[in-house]
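In what follows, a single structure is set out as structure tokens and then discussed.
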Amino acid sequence: MANDDINQKNGLISPLRRQILKGMAAVPAMAAFGGAARPSFADGVNTTGLAVTDTEVTVGILHSVTGTMAISETGSVQAEKLAIEQINAAGGVLGRKIKYIQEDGASDWPTFAEKAKKLLVNDKCASVFGCWTSASRKAVLPVFEQYNGMLYYPTFYEGLEQSKNVIYTGQEATQQIIAGLDWVVKEKGAKTFYLLGSDYIWPRTSNKIARKHIENFKHLEVVGEEYFPLGHTQFNSVINKIKLKKPDVIYAIIVGGSNVAFYKQLKAAGFDLENKQTLLTISVTEDEILGIGGENIVGAYACMKYFQSLKNPNNEKFVAAFKEMWGKDIVIGDVTQAAYLGPWLWKLTVEKAGSFDIDKVAAASPGVEFTGAPEGYVRIHENHHLWSKTRVGRARADGQYDVVYETADLVEPNPFPAGYQ
Amino acid sequence: MFDYSFAELSSILVMQGFAGLILFSVFVLMALGLAIIFGQMGVINMAHGEFMILGAYVTYLTSHLFLNYLPFAYPAYFFVAMVFAFIAAGALGLLVEWVMIRHLYARPLDTLLATWGLSLILQQIYRSTFGAREVGVELPDWMMGSLNVTDSIEVQINGLFVMGLTVAITVAVLVLLFKSRWGLQVRAVTTNRTMSGAVGIDTRRVDRMTFGLGCGVAGVAGAAFTMIGSTGPTSGQLYIVDTFLVVVFGGAQSLLGTVASAFTISQSQSALEFFLSGSMAKVITLLIVIGLLMLRPQGLFVLKVRR
């Protein structure tokens with residue numbers, strides 16, 4: 001076993017204890033093989049002992065349904081369940097119906113790692129759809145690499161990561177940021193920018209990329225850059241600073257409960273996002289607007305790859321199916337759509353590889369295309385991120401976005417951007 | 001910072017002073033309920049934030065009630081909502097005191113653990129009832145926007161509202177404590193519990209009413225915060241650290257101390273935020289508070305208590 005080798009190399013465990021541990025490790029393995037679900041080994045479809053039978057394949061869903069992050073992750077869980085149901089209705093994956101085991105990460109990163117290990121080691125899941133925050137992804141990454149699992153990760157994130165065991169179905173930072181900045185410079189003639197963010201890795205990395213792009217590539221000016229602790233609720237001081245500096249564009253990457261406070265206070269302070277002040281954000285999806293209130297953010301621009309209001313036949317079908325399954329008042333944000341892509345991309349990859357084996361799925365991933373994506377067409381890049389279009393939407397009072405711009409071509413994912421470090 | 005005109009700088013100065021005052025009122029409003037409970041009874045109520053969020057959810061429900069049944073009275077719904085929030089949070093407070101807290105008096109660490117558990121339970125109840133997502137509380141139009149005092153000075157209406165509310169509630173609590181018979185009993189129990197019992201004060205009843213009042217005030221604060229913050233199952237956690245900071249720094253048994261400490265913390269934070277950045281302002285504020293508490297562990301103001 002891999003961990004035994006590591007432990008032995010580090011001299012952590014004596015030979016005797018190693019024997020005992022091996023004996024203990026064999027017990028759950030025996031239990032798994034003694035159970036009713038016999039793994040199918042036919043035709044190389046499953047050669048590594050994953051939970052795949054002739055009629056069924058087991059996958060995992062790993063999100064927070066309790067704790068702070070439940071606000072954000074609920075939509076992803078709903079999208080993944082919808083995709084799985086649709087795939088099953090269409091005949092399953094390689095003729096096998098998908099069965100899912102859902103685990104709760106409880107907004108706690110060590111719990112995520114523990115549950116990921118459970119899904120891979122005990123349940124032998126053929127793939128896992130899950131995680132939301134970068135912190136949770138970083139916590140489970142070593143687990144997926146050690147036990148050779150496959151994770152489909154839905155959130156737009158800061159980049160600077162690439163793994164054989166992860167497919168990133170959201171955009172990495174350069175995809176999301178650069179097109180939006182180019183658009184606002186060209187369309188609004190913006191010259192000065194004020195960067196805001198919550199104080200953790202994603203906003204800081206994203207703003208770093210934004211600043212490099214503004215200063216080095218566009219030769220324009222950043223007049224301020226500020227971060228606030230997560231959960232910060234008082235923005236009056238920074239709003240006064242913005243009033244003093246009068247930037248052409250407020251570039252905001254504020255998340256969670258702070259978002260609500262920020263937009264309410266911005267509006268109360270007399271900023272007119274509809275007619276006077278341009279605000280561009282990459283952290284407010286339709287989901288967040290529910291909490292902020294459409295009337296408080298109307299007129300703001302958001303830059304991401306998907307909006308619920310996108311007009312194409314795929315999306316109309318997707319929105320209708322989503323509402324039928326989860327209620328007519330539900331809204332769908334960028335990450336929810338990205339989460340929906342996960343099970344579909346996995347199905348297409350498995351069928352391309354002709355096998356559920358993790359190594360074969362990982363190797364077959366680059367080049368897999370999904371033409372039925374609600375956002376349009378996506379394709380997996382060699383670096384396991386997606387080629388996708390970037391769009392700019394303008395917030396309406398009813399909490400939806402009007403799409404005002406989309407890139408002509410698919411934007412190449414570039415998780416390690418040169419010149420932006 | 002020096003290439004701005006005098007007029008610009010002075011109007012920013014005025015607005016910044018106003019921002020500091022808003023933060024001050026928010027801190028006082030948050031801390032008042034906790035100060036009553038912690039100060040008068042010595043109970044550390046970790047579920048304080050959840051009582052506030054109960055008030056926020058009541059406001060949310062009230063706004064829907066008015067929209068659907070009394071649309072003509074909608075502009076005034078907020079006042080009714082605050083009354084409902086007080087009643088709901090106060091009633092829950094009385095219940096919690098009766099079921100849980102009264103068995104744990106004089107065991108501060110146990111109440112800390114128990115109320116923390118209570119906060120988790122309440123969060124999950126909110127999540128199951130209202131959903132994990134935040135709810136948007138709509139406000140009547142007159143409460144949004146700002147007043148133009150001069151061309152360049154704008155004053156937020158909801159900020160004025162919070163300030164007015166804070167003054168009203170603080171005065172009401174002070175009057176209750178220092179002018180009413182009940183307040184006399186509360187102060188007697190705080191100073192010497194055994195003796196108060198001996199002279200015929202029903203200390204248990206006083207405790208229950210105090211806890212209920214503290215929770216009720218928290219509910220009103222929660223209702224007011226729908227104007228400036230979010231309403232979700234875990235939003236209460238956003239306020240709890242600042243709240244404890246204010247109460248402990250002020251000196252646990254003194255309402256005056258709470259007000260003074262809220263003023264100190266809010267002004268330093270607001271000014272630092274303007275000259276530095278959000279995160280650094282917080283760090284420096286906390287360092288100042290820690291430093292002062294090392295010099296004066298009992299807090300800014302102390303009440304003499306016979307133990």
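Values below: every heavy atom of this structure, side chains too, minus hydrogens, waters and symmetry copies. Every chain is numbered from 1, with letters handed out A, B, ... down the list of sequences.
For A/Leu290, the parts sitting under 4.5 Å from any heavy atom of chain B are the backbone and the side chain alike. For a residue to count as touching a neighbouring chain, one of its non-hydrogen atoms must lie under 4.5 Å from one of that chain's; by this rule B/Phe18 does not touch chain A. Of the atoms belonging to B/Met227, it is backbone heavy atoms, and not side-chain ones, that fall under 4.5 Å from chain A. Within the 4.5 angstrom heavy-atom criterion, only side-chain atoms of A/Ile330, from C-beta onward, approach chain B. At a 4.5 Å heavy-atom cutoff, A/Asp272 makes no contact with chain B through either its backbone or its side chain. Of the atoms belonging to B/Val26, it is side-chain heavy atoms, and not backbone ones, that fall under 4.5 Å from chain A. For chain A, the nearby part of B/Leu276 is the backbone; its heavy atoms alone come within less than 4.5 Å. Proximity to chain A (any heavy atom under 4.5 Å) is restricted, for B/Gln124, to the side chain, taken from C-beta onward.
Remark: the backbone N or O of B/Thr226 is paired with a side-chain donor or acceptor of A/Lys264 at under 3.5 angstrom. The closest donor-acceptor contact from the side chain of A/Ser237 to the backbone of B/Ser270 lies under 3.5 Å.
When each of A/Phe262, A/Phe271, A/Phe228 is scored by its heavy-atom pairs under 4.5 Å with chain B, the top score falls to A/Phe228. In terms of heavy-atom pairs under 4.5 Å with chain B, the best-connected choice from A/Gly75, A/Ala261, A/Ala268, A/Gly224 is A/Ala268. Taking A/Gly270, A/Ser258, A/Pro229 one by one and counting their heavy-atom pairs under 4.5 Å with chain B, the maximum is reached by A/Pro229.
Shown here for B/Glu273 and A/Gln234, the closest heavy-atom pair between the two residues is OE1-O, 3.7 Å. Across every non-hydrogen atom of B/Gln16 and A/Asn240, the tightest pair is OE1-ND2, 2.8 Å.
For the pair B/Gln156 and A/Asn236, the minimum side-chain heavy-atom distance is below 4.5 Å.
Around OH of B/Tyr77, the count of heavy atoms belonging to other residues, nucleotides or ligands within 6.0 Å exceeds 12. Other residues, nucleotides and ligands contribute more than 12 heavy atoms inside 6.0 Å of the CZ atom of B/Phe244.
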